[in-house]
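Each remark here refers to the structure printed beneath this line.
No experiment lies behind these values; they were computed from the predicted model shown.
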Amino acid sequence: MEFRYFDASGRQLTVEQLCSMQVLTPAMDHVFATVLERVEKREMTQGPIEKDSLE
């Protein structure tokens, strides 16, 4: 999986640009890792990423 980053104008940023802006934090790393884990889990089970709370 590849995450893509965009500025406020909709232009895609490179990883180098993002690193130079120093906006990545350990909390953001955790969010990306959690999303990646859930997507991979969904691909293995072919179920929803999250249980629907409206059941």
Side-chain angles (χ1 to χ4, degrees):
M1 171 171 280
E2 180 179 331
F3 290 101
R4 298 185 309 162
Y5 311 94
F6 298 88
D7 66 10
S9 300
R11 294 180 302 243
Q12 186 172 345
L13 300 172
T14 65
V15 174
E16 293 79 18
Q17 290 171 314
L18 194 64
C19 290
S20 72
M21 295 166 57
Q22 299 179 343
V23 295
L24 286 179
T25 65
M28 288 177 66
D29 288 339
H30 174 73
V31 169
F32 292 140
T34 301
V35 169
L36 183 58
E37 179 182 305
R38 289 181 183 181
V39 168
E40 289 173 345
K41 181 179 177 184
R42 181 190 172 277
E43 288 174 351
M44 289 189 304
T45 63
Q46 294 299 313
I49 293 175
E50 293 290 333
K51 185 176 180 180
D52 196 359
S53 63
L54 299 175
E55 292 181 15

Close side-chain approach of D7 and Q17, heavy atoms under 4.5 Å: no
Tell me every residue that passes ring pair (Phe, Tyr, Trp, His ring centres under 6.0 Å) with F32, counting only those two or more places apart in sequence or in another chain. F3, Y5
Would you indicate whether E37, at its atom CD, is surrounded by more than 12 heavy atoms from other residues, nucleotides or ligands within a distance under 6.0 Å? no
Please determine whether side chain to side chain contact (heavy atoms under 4.5 Å, CB included) holds for the pair M28 and T25, giving the CA-CA distance in whole Å, both sets of side-chain angles, and the decisive distance to 0.1 Å. CA-CA 5 Å; M28 288 177 66; T25 65; 3.5 Å; yes
